[in-house]
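The block underneath contains the structure these notes are about, expressed in structure tokens.
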Amino acid sequence: MDSIQLSVVHRLPQSYRWLSGFTGVKVEPIPLSGIDEDNNLIGLKLLSHEGADAWQVMQQLKLSLQEIQVDCAIVEWEGEACLFVHRCDESATLCRLKNVGAAIAEPLSAQYPF
């Protein structure tokens, strides 16, 4: 699992839901007015890997999350492998990924000048 320790994960900026009839296979962005707590997903993508390597690392991350019983799915989104989890599992997901050695990229804000 050395590739996980070299991984940088970034949270996608939108909320998502499973496309009707394609649960676990296809997602679509949720308009702000249409958020449904039962079908509200967050997406995570890798900044550190691309192509086949990204799919392999995502599979390792998925298996790690399954060990703590977090439901997730790897879905191609905008040409990249992305991991989707329910919003209610976001904290457990990020904690687990940090514990297995993945770095979590956080957006910077103008409130924190250098």
Side-chain angles (χ1 to χ4, degrees):
M1 285 219 187
D2 291 334
S3 55
I4 287 178
Q5 294 176 353
L6 300 174
S7 300
V8 179
V9 178
H10 173 69
R11 186 184 182 288
L12 298 174
Q14 294 179 280
S15 292
Y16 300 86
R17 64 181 170 208
W18 296 119
L19 190 61
S20 181
F22 292 96
T23 300
V25 180
K26 292 184 180 181
V27 295
E28 64 182 354
I30 299 175
L32 291 176
S33 62
I35 293 181
D36 170 14
E37 291 303 317
D38 292 335
N39 194 15
N40 189 351
L41 308 170
I42 62 157
L44 302 169
K45 75 174 189 172
L46 290 169
L47 298 178
S48 55
H49 297 81
E50 294 179 348
D53 289 340
W55 285 92
Q56 183 179 23
V57 171
M58 282 298 192
Q59 187 63 37
Q60 291 174 343
L61 295 177
K62 178 182 175 180
L63 292 173
S64 180
L65 291 173
Q66 287 176 334
E67 288 175 4
I68 62 167
Q69 299 178 348
V70 170
D71 289 330
C72 58
I74 303 168
V75 175
E76 183 175 332
W77 180 253
E78 296 182 345
E80 297 185 54
C82 293
L83 186 68
F84 288 89
V85 299
H86 288 276
R87 179 175 297 282
C88 63
D89 292 328
E90 180 176 9
S91 295
T93 297
L94 296 178
C95 184
R96 177 63 173 191
L97 296 183
K98 288 177 184 178
N99 283 337
V100 296
I104 309 298
E106 305 270 344
L108 293 176
S109 171
Q111 296 175 350
Y112 303 104
F114 294 96

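Shown here is K62, whose NZ atom has more than 12 heavy atoms of other residues, nucleotides or ligands within 6.0 Å. Around CD of E50, the count of heavy atoms belonging to other residues, nucleotides or ligands within 6.0 Å does not exceed 12.
Linking ILVMFWY side-chain heavy atoms closer than 4.5 Å, directly or via other members, places L94 and V70 in a single hydrophobic cluster. Follow the hydrophobic side-chain contacts under 4.5 Å out from V57 and you reach L83 in the same cluster. In the hydrophobic cluster analysis, where Ile, Leu, Val, Met, Phe, Trp and Tyr join through side-chain heavy atoms closer than 4.5 angstrom, F22 is grouped apart from W18. Side-chain heavy atoms closer than 4.5 Å link hydrophobic residues (I, L, V, M, F, W, Y) into clusters, and following such links, possibly through other members, connects V100 to I68.
Going from atom OG of S7 over to atom CG of L46 covers 5.5 Å, rounded to the nearest 0.5 Å. Atom-to-atom distance recorded for M58:CE and E76:CD is 12.0 Å, nearest 0.5 angstrom. Taking NZ from K26 and CZ from F84, the interatomic distance works out to 13.5 Å, rounded to the nearest 0.5 Å. Note that the CH2 atom of W55 and the CD atom of Q60 stand 14.5 Å from one another [nearest 0.5 Å]. To the nearest 0.5 Å, atom CG of residue L47 and atom CD1 of residue I104 are 10.0 Å apart. Rounding to the nearest 0.5 Å places CG of N40 at 4.5 Å from OG of S15.
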inquiry  = R87 vs L41, test: side chain to side chain contact (heavy atoms under 4.5 Å, CB included). Steps then yes/no.
reply    = CA-CA 5 Å; R87 179 175 297 282; L41 308 170; over 6 Å; no
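Contact record, V8 with S48: N-OG, 2.8 Å, taken as the closest heavy-atom pair. Of all heavy-atom pairs between C82 and W77, the closest is SG-CB, 3.9 Å. Across all their heavy atoms, A73 and G24 have their closest contact at CB-O, 3.8 Å. Among all heavy-atom pairs drawn from Q14 and P29, the shortest one is NE2-CB, 3.5 Å.
Two residues are said to be in side-chain contact when any heavy atoms from C-beta on lie closer than 4.5 Å; V9 and L61 meet this criterion. Contact check for D89 versus L65: no side-chain heavy atoms found under the 4.5 Å cut-off. You'll find the side chain of I42 stays beyond 4.5 Å of the side chain of L12, heavy atoms only. Contact of the R96 side chain with the E67 side chain is registered, since non-hydrogen atoms from C-beta on lie closer than 4.5 Å.
Between R11 and E90 there is a salt bridge, since a side-chain N of the basic residue sits under 4.0 Å from a carboxylate O of the acidic one.
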